[in-house]
Amino acid sequence: MGGTGPDAMSPTGDQHTSPMDKTYRPERIEQHWYRQWESRGLFSPRGDGAPYCIMIPPPNVTGTLHMGHAFQITLMDCLIRHRRMSGDKTLWQVGSDHAGIATQMVVERQLEAGGQSRLELGRDAFINKVWEWKGQSGGMITQQLRRLGASLDWSRERFTMDDDMSRAVCRAFVTLYDEGLIYRGKRLVNWDPVLKTAVSDLEVLSSEEDGHLWHIRYPYADGDGHVIVATTRPETLLGDTAAAVHPDDERYRDSIGRRLSLPLTGRVIPLIADDYVDPEFGSGCVKITPAHDFNDYEVGRRHDLPMINLFNEDATLGDRAPEPYRGLDRFEARKRVLEDLREQGLLESEREHRHAVPRGDRSQAVIEPYLTDQWFVNATKLAPAACEAVRDGRIRFVPKRWEKTYFDWMENIQDWCISRQLWWGHRIPAWYDDGGNLYVADSEQAVRDKHHLGADVALTREADVLDTWFSSALWPFSTLGWPSQTPEMKTFYPTSVLVTGFDIIFFWVARMIMMGLKFTGDVPFREVYVHGLVRDIEGQKMSKSKGNILDPIDLIDGIAPNDLIAKRTASLLQPAMAERIERHTRKDFPDGIAAYGTDAMRFTFTALASTGRDIKFDMQRIEGYRNFCNKLWNAARFATMICPAAPAPGDAATPTLADRWILSRLHTVLAQTAQWFGEYRFDLIAAAMHEFVWHDFCDWYLEITKIVQNGEDDEAGRANRACLMDTLETCLRMLHPVIPFITEEIWQQIKPLTGRDAGSGEEGIQDCPYPLSGDVARDTEAERMMERLQLFVSAIRQVRSEMNVPPGQPVPVLLQNWDDDDRALFDGYGAWITRLAKIGRLEWLAADAETPPAAIALARQVKILIPAEGLIDVGAEALRLKKEIAKAEKMLAGMQTRLADKNFLDKAPADVIEKQSLQAENLKGQLDKYHKQLEVFSQTDGRTEQRDAAA
RNA sequence: GGGUGCUUAGCUCAGCGGGUAGAGCACCGCCCUUACAAGGCGGAAGUCGGGGGUUCAAGUCCCUCAGCACCCACCA
């Protein structure tokens with residue numbers, strides 16, 4: 001792998017006995033652990049828990065990993081690891097797709113580079129070449145998937161051209177054919193004249209392009225006048241077999257049925273009437289070319305018009321075109337036709353015109369409607385059941401809105417053209433005899449057996465192969481062994497969830513549902529989680545031709561600026577853009593990309609994955625989550641320093657408040673995590689974990705741990721150490737599905753210190769169960785106490801900070817208006833508060849005691865006073881107080897208006913009213929305290945006024 | 001032409017079983033406090049795209065307009 005060459009510097013096992021590095025170094029741990037996991041066979045289904053299965057959307061063999069993969073794989077791996085640790089019998093099926101056209105193009109290009117052509121080589125030799133290429137270069141993406149930590153079951157890896165996949169494809173094809181759900185026929189299809197194959201509707205992308213609209217005169221055959229037709233494709237005129245007007249169009253009413261003399265051809269065609277024509281457009285008269293336009297094709301069928309196929313398969317004009325145009329490319333022919341029309345005075349006008357041009361998604365060639373023999377799946381018949389499965393909830397889309405998209409498409413589905421005039425792919429299992437009779441069966445032998453054809457009857461196999469998506473549509477069951485009723489099929493079908501992008505809902509999801517229902521009688525998956533696209537920081541789609549790609553591997557390993565620029569400018573559509581891209585890249589990535597590691601990247605994707613919307617990938621986010629990993633790392637390092645050994649067995653010391661609290665918080669975050677996993681809210685999972693680790697565990701718990709460990713109370717110290725390890729260990733298991741590497745590494749480090757060790761058979765973190773909220777108890781009392789404690793500490797810190805008291809300097813604190821609980825809290829944990837807030841002298845004042853000039857903070861109803869005594873800038877404090885007062889007064893005013901509103905009092909529910917008045921009371925109390933304190937200032941220090949005046 | 005989504009703090013996004021707003025990053029201030037400066041503590045910052053409606057009460061429900069993004073179909 002590229003980048004910094006982690007292997008070179010990574011000791012692969014020995015670091016586990018050495019102390020942890022001071023900073024987190026992902027490159028030292030990740031690849032080591034993946035190898036370990038894979039060799040231990042951890043990714044195969046284990047145990048006898050409930051089956052859980054995800055099918056990977058098989059990446060193209062030609063592909064290399066991009067950000068979309070990384071995103072999708074991260075989400076799937078989270079789900080898989082979560083369920084696997086939760087005890088499910090878990091299968092994540094891996095494999096890759098033979099990607100018919102894409103792969104054939106790659107290998108052809110290679111041949112061309114060597115001065116060879118596919119045709120020279122011949123079909124069999126070419127296919128061998130493709131296999132050869134696959135053997136050498138096809139494994140790229142699977143290696144990259146490993147770098148992502150993807151816990152795929154490599155022992156079951158499949159390729160869509162494997163023999164058993166082919167067997168499934170044949171079976172499916174033959175069954176559909178026998179039931180009349182596949183048919184062969186001469187139809188107008190989308191034809192790619194560069195690739196020289198039919199493609200499906202979905203593979204044609206239309207975009208607006210600048211073109212022209214020409215008006216052409218078609219004279220009446222009797223010499224009396226003409227009609228004018230408009231067209232963007234004058235060359236197809238040569239194949240016109242009619243012109244058409246709307247039946248109700250007054251202008252042409254009397255002309256319908258008259259004959260027209262078709263320019264340049266010497267043919268005579270009728271003027272017909274058809275509803276399809278829009279009388280408002282142009283002259284209201286349209287030329288009809290049934291063999292080269294989808295609408296005209298329908299008109300032609302309605303009126304029984306002849307169909308003249310002008311083109312050869314490469315879109316040059318063929319024998320059926322008039323002699324002068326034969327052999328010309330379609331665009332050449334266009335020029336020629338226009339010239340000739342102009343010369344004959346038949347070109348009425350020419351104007352610029354923007355219109356949709358259909359192009360092939362692979363070749364970018366302008367797609368030609370072309371009349372050929374093709375194979376079709378009768379999707380119209382398969383669609384209703386597939387709709388029903390979603391409608392009745394057997395399949396659930398997440399987010400739900402995609403169901404509408406699905407229905408819209410399914411309800412308007414067209415028959416699916418599945419034949420491709422390629423060599424690389426599943427060859428259609430159909431044979432022809434010399435008489436042109438067609439036989440369909442799983443093999444030539446099966447054909448002969450079925451139709452009693454002797455060896456003397458020569459059979460020729462259909463040359464066409466199947467659309468790649470045909471085999472993809474069978475993926476959820478073909479990989480499990482179908483058509484055999486294998487144990488895997490029985491266990492894992494229907495699969496649990498399909499994780500995919502919306503861009504292939506039609507290509508793939510819909511077709512899997514149709515085929516799954518047809519062949520297995522059940523849905524292929526119970527849920528479909530649809531995620532968004534990964535875009536760049538500006539929201540642009542990442543693409544090689546735009547030069548804005550990020551390679552996931554570069555985020556993991558890091559990359560130098562020059563290498564990044566080289567990558568980004570390598571495959572530009574317009575080489576002229578290179579300079580601009582270099583400039584932008586240098587600006588956005590002045591130091592290239594740091595090696596953030598897989599875990600940081602995974603956490604980033606997880607955190608960004610909100611409700612199925614596109615994500616803008618922000619480098620600052622991955623940096624932040626790398627920092628999070630470092631935080632976790634150091635927390636663990638600290639823990640190992642605190643706890644040199646595992647707690648003695650049976651030692652059940654009484655836990656401290658902090659211990660009870662952190663476990664209670666852990667309970668809550670585990671409950672949240674469980675819920676969000678069920679709802680595919682990866683962003684909320686990440687947020688909850690982040691909040692817990694950073695703020696609860698590190699900011700509060702570890703800080704208190706330091707105090708406890710430095711204290712005198714040995715029993716508390718022991719309890720605290722045990723709880724620290726326990727919480728950390730549980731937390732690692734909780735985090736593992738998201739950040740598998742760092743959690744495994746730390747887990748191994750602390751394993752001897754946890755007491756989890758002995759005889760458990762738990763070699764790694766994945767051998768442990770996923771933690772459940774029930775594993776730790778909610779302790780509301782501890783939460784209440786800790787909240788109170790945190791409130792005190794925060795309030796004092798706030799005053800300190802605002803009064804610019806240096807962090808190291810202790811401050812005296814007076815408390816007033818306290819209750820017994822407050823007293824109890826300080827009795828038990830005063831030392832913690834004192835230390836966390838850096839309190840010096842602490843004094844409990846009676847409620848009616850005089851207070852000195854002091855900065856004030858409120859913790860609930862308790863007045864916290866930090867006497868001036870040279871620490872506090874009295875003027876500044878008075879200003880601050882006034883600001884607080886203004887804020888509180890504004891809020892109070894709003895509430896009082898509401899509380900005075902008769903409508904509110906009459907109609908709002910009692911609890912809402914109660915809550916409001918309680919809040920208002922509290923605010924009043926606060927204001928009162930602020931005011932009193934302000935009075936103290938003005939009585940004792942005249943500077944306040946001066947300061948005010950100055951401000 | 002039809003459809004979907006989005007518009008909330010400088011940026012990226014949560015929040016939508018209605019009760020006057022949250023996070024991360026960025027920013028500002030003070031700190032190299034013995035896990036972490038890839039850090040700690042504190043702070044400032046939003047009339048929730050515009051308009052209308054329902055309601056005692058609306059980022060949160062309804063209608064409408066605007067802008068942005070995407071999908072499907074396509075008039076030659």
Side-chain angles (χ1 to χ4, degrees), chain A residues 20 22-24 201 206 213-214 229-233 236 244 276-278 280-283 285-289 293-296 353 355-356 358 399 401-402 404-405 408-409 412 502-503 505-506 532-533 535 537 539 541 594 596 600 607-608 610-621 623-642 681 683-684 686-687 690-691 694 698-699 702-703 705-706 710 793-794 797-802 804-808 835-838 891 894-895 898 901-909 911-913 915-916:
Chain A
M20 295 174 72
K22 186 171 171 184
T23 34
Y24 159 62
D201 301 345
S206 288
L213 185 66
W214 289 277
V229 301
T231 182
T232 54
R233 302 204 52 197
T236 63
Y276 150 72
V277 182
D278 175 7
E280 304 294 316
F281 188 93
S283 65
C285 181
V286 57
K287 63 195 274 309
I288 302 295
T289 324
D293 181 283
F294 287 103
N295 287 311
D296 294 3
H353 181 65
H355 63 122
R401 66 187 140 88
W402 290 109
K404 186 170 166 43
T405 309
D408 285 350
W409 190 68
N412 296 295
F502 59 83
D503 48 334
I505 288 184
F506 306 142
L533 246 49
R535 298 169 176 279
I537 184 72
K541 222 167 164 166
Y596 293 112
L608 289 173
S610 64
T611 54
R613 57 199 273 177
D614 289 355
I615 61 174
K616 296 184 191 175
F617 196 89
D618 182 351
M619 293 304 293
Q620 287 184 322
R621 287 298 280 266
E623 186 178 340
Y625 293 125
R626 189 272 319 261
N627 295 351
F628 172 74
C629 291
N630 185 54
K631 187 81 178 170
L632 177 65
W633 181 265
N634 274 288
R637 193 163 74 93
F638 174 71
T640 59
M641 291 162 70
I642 294 284
R681 285 303 301 269
D683 57 333
L684 299 180
H690 186 274
E691 165 76 18
W694 201 303
C698 292
D699 288 348
L702 290 187
E703 289 309 314
T705 291
K706 289 177 189 169
N710 283 331
V793 172
S794 296
R797 282 173 173 173
Q798 184 182 349
V799 174
R800 293 179 60 104
S801 183
E802 285 185 8
N804 277 324
V805 180
R835 173 91 180 265
L836 291 171
K838 269 266 154 46
M891 264 183 86
M895 282 180 193
R898 192 111 59 100
D901 186 343
K902 198 170 161 310
N903 280 325
F904 175 67
L905 296 173
D906 287 350
K907 299 192 178 168
D911 61 312
V912 172
I913 297 173
K915 207 172 133 198
Q916 282 283 314

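Values below: every heavy atom of this structure, side chains too, minus hydrogens, waters and symmetry copies.
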*Roughly how many Å is it from CZ in A:R401 to P in B:U4, rounded to a whole number?*
11 Å
*Taking CG from A:L836 and C1' from B:G42, how many angstroms apart are they, rounded to a whole number?*
15 Å
*Sticking with atom C1', work out how far B:U54 lies from B:U60, rounded to a whole angstrom.*
14 Å
*Considering non-hydrogen atoms only, spot the tightest contact between A:L905 and A:I913 and give its length.*
O-CD1, 3.5 Å
*Inter-nucleotide P distance (B:A21, B:A26), Å rounded*: 26 Å
*Which residues share a side-chain contact (heavy atoms from CB on, under 4.5 Å) with A:K541, sequence neighbours left out*: A:L533, A:R535, A:K546
*Nearest heavy atoms of A:D293 and A:D296, plus distance in Å*: OD1-N, 3.0 Å
*How would you list, by chain and number, every residue that makes a side-chain contact (heavy atoms from CB on, under 4.5 Å) with A:A837, sequence neighbours excluded?*
A:V793, A:I796, A:I839
_A:R898: partners by side-chain contact (heavy atoms from CB on, under 4.5 Å), with sequence neighbours left out_ = A:F904, A:Q916
*asked:* Going by the rule side chain to side chain donor-acceptor pair (under 3.5 Å), which residues pair with A:Y625 if we only count those two or more places apart in sequence or in a different chain?
replied: A:R621
*Spacing of A:N627 atom CG relative to B:C36 atom C1', expressed in whole Å*: 10 Å
_Holding to ring-ring contact (aromatic ring centres under 6.0 Å, His included), I want the full list of residues that pass it with A:F628, two or more places apart in sequence or in another chain._
A:F603, A:H690
*A:D683 has an atom CG; how far is it from atom P of B:G22, in whole Å?*
19 Å
*What is the per-nucleotide protein-contact pattern of nucleotides 24-35 of chain B, from the 5' end, where B denotes a base atom under 4.0 Å from a protein heavy atom, S denotes such proximity for sugar-phosphate atoms only, and - denotes neither?*
SSS--BSS---B
_Between B:C48 and B:C61 - P atom distance, rounded Å_ = 15 Å
_Using atom P in both nucleotides, what's the gap between B:U47 and B:G59 to the nearest angstrom?_
13 Å
Quick one: which protein N/O atoms are closer than 3.5 Å to N/O atoms of nucleotides 74-76 of chain B? Pair and distance per line, please.
from: B:C75; atom 1: OP1; to: A:N295; atom 2: ND2; distance (Å): 2.1
from: B:C75; atom 1: O2; to: A:D278; atom 2: OD2; distance (Å): 2.7
from: B:C75; atom 1: N3; to: A:D278; atom 2: OD2; distance (Å): 3.0
from: B:A76; atom 1: O3'; to: A:T232; atom 2: N; distance (Å): 2.9
from: B:A76; atom 1: O3'; to: A:T232; atom 2: OG1; distance (Å): 3.2
from: B:A76; atom 1: N6; to: A:D278; atom 2: O; distance (Å): 2.7
from: B:A76; atom 1: N6; to: A:F281; atom 2: O; distance (Å): 3.1
from: B:A76; atom 1: N1; to: A:D278; atom 2: N; distance (Å): 3.3

*Tell me which nucleotide among B:A38, B:G43, B:G19 gets nearest to the side chain of A:E802.*
B:G43
_Side chain A:N630, main chain A:Y24, donor-acceptor under 3.5 Å_ = yes
_By the 4.0 Å heavy-atom rule, please label A:L632 as base, sugar-phosphate, or nothing._
nothing
*asked:* On a heavy-atom basis, which atom in A:N634 and which in A:K22 lie closest, and how many Å separate them?
replied: OD1-O, 3.1 Å
*Is there any salt bridge (charged side-chain N to carboxylate O under 4.0 Å, His left out) pair reaching into residues 623-636 of chain A, and which pairs are they, with sequence neighbours excluded?*
none
*How close do A:A600 and A:C629 get, heavy atom to heavy atom, and via which atoms?*
N-SG, 4.1 Å
*Let me know the distance between CG of A:L608 and P of B:A23, rounded to the nearest Å.*
18 Å
*Between B:G39 and B:U33, how far is it from one P atom to the other, in whole Å?*
15 Å
*If the P atom of B:G10 is compared with that of B:G49, how far apart are they to the nearest Å?*
13 Å
*Please determine, for the side chain of A:Q798, which listed nucleotide (B:G43, B:A38, B:C56) has the closest atom?*
B:G43
*Do you know which two heavy atoms are closest between A:T611 and A:R401, and how far apart they sit?*
O-NH2, 3.2 Å
*Under 4.0 angstrom, heavy atoms only, what part of the nucleic acid is A:Y24 near: base, sugar-phosphate, or nothing?*
base
*Would you classify A:R800 as touching base, sugar-phosphate or nothing, given that sugar-phosphate means primed atoms plus P, OP1 and OP2, and contacts are heavy atoms under 4.0 Å?*
nothing
*Please report, rounded to the nearest Å, how far the P atom of B:U4 is from the CG atom of A:D408.*
8 Å
*When rounded to the nearest Å, what value does the distance between P atoms of B:U34 and B:A44 take?*
28 Å
*Enumerate, in order of first residue number, the stems that involve RNA chain B, defined as 3 or more consecutive Watson-Crick or G-U wobble pairs with both distances under 3.5 Å.*
B:1-7 with B:66-72, B:10-13 with B:22-25, B:27-31 with B:39-43, B:49-53 with B:61-65
*With syn defined as a glycosidic torsion within 90 degrees of 0 and anti otherwise, which applies to B:G59?*
syn
*Specify the separation, in whole Å, of atom CD of A:Q916 and atom C1' of B:U20.*
9 Å
Please enumerate all protein N or O atoms sitting under 3.5 Å from an N or O of nucleotides 69-72 of chain B, with distances to 0.1 Å.
none

_Applying side-chain contact (heavy atoms from CB on, under 4.5 Å), can you list everything that pairs with A:A244, at least two apart in sequence or on another chain?_
A:I272, A:V277, A:V286, A:I288
*Output, in order, the C-alpha distance, side-chain angles, deciding distance and verdict of salt bridge (charged side-chain N to carboxylate O under 4.0 Å, His left out) for A:D683 and A:R681.*
CA-CA 5 Å; A:D683 57 333; A:R681 285 303 301 269; 2.8 Å; yes
_Residues in ring-ring contact (aromatic ring centres under 6.0 Å, His included) contact with A:F638, at least two apart in sequence or another chain_ = none
_Categorize A:R626 for me: base, sugar-phosphate, or nothing, with a 4.0 angstrom heavy-atom threshold over every strand shown._
base
*Which value, in whole Å, describes the distance between the C1' atoms of nucleotides B:A14 and B:U8?*
10 Å
*What distance separates A:W694 CH2 from A:L632 CG, expressed to the nearest 0.5 Å?*
10.5 Å
*Could you give the CE-to-P distance, from A:M895 to B:G19, as a whole number of Å?*
14 Å
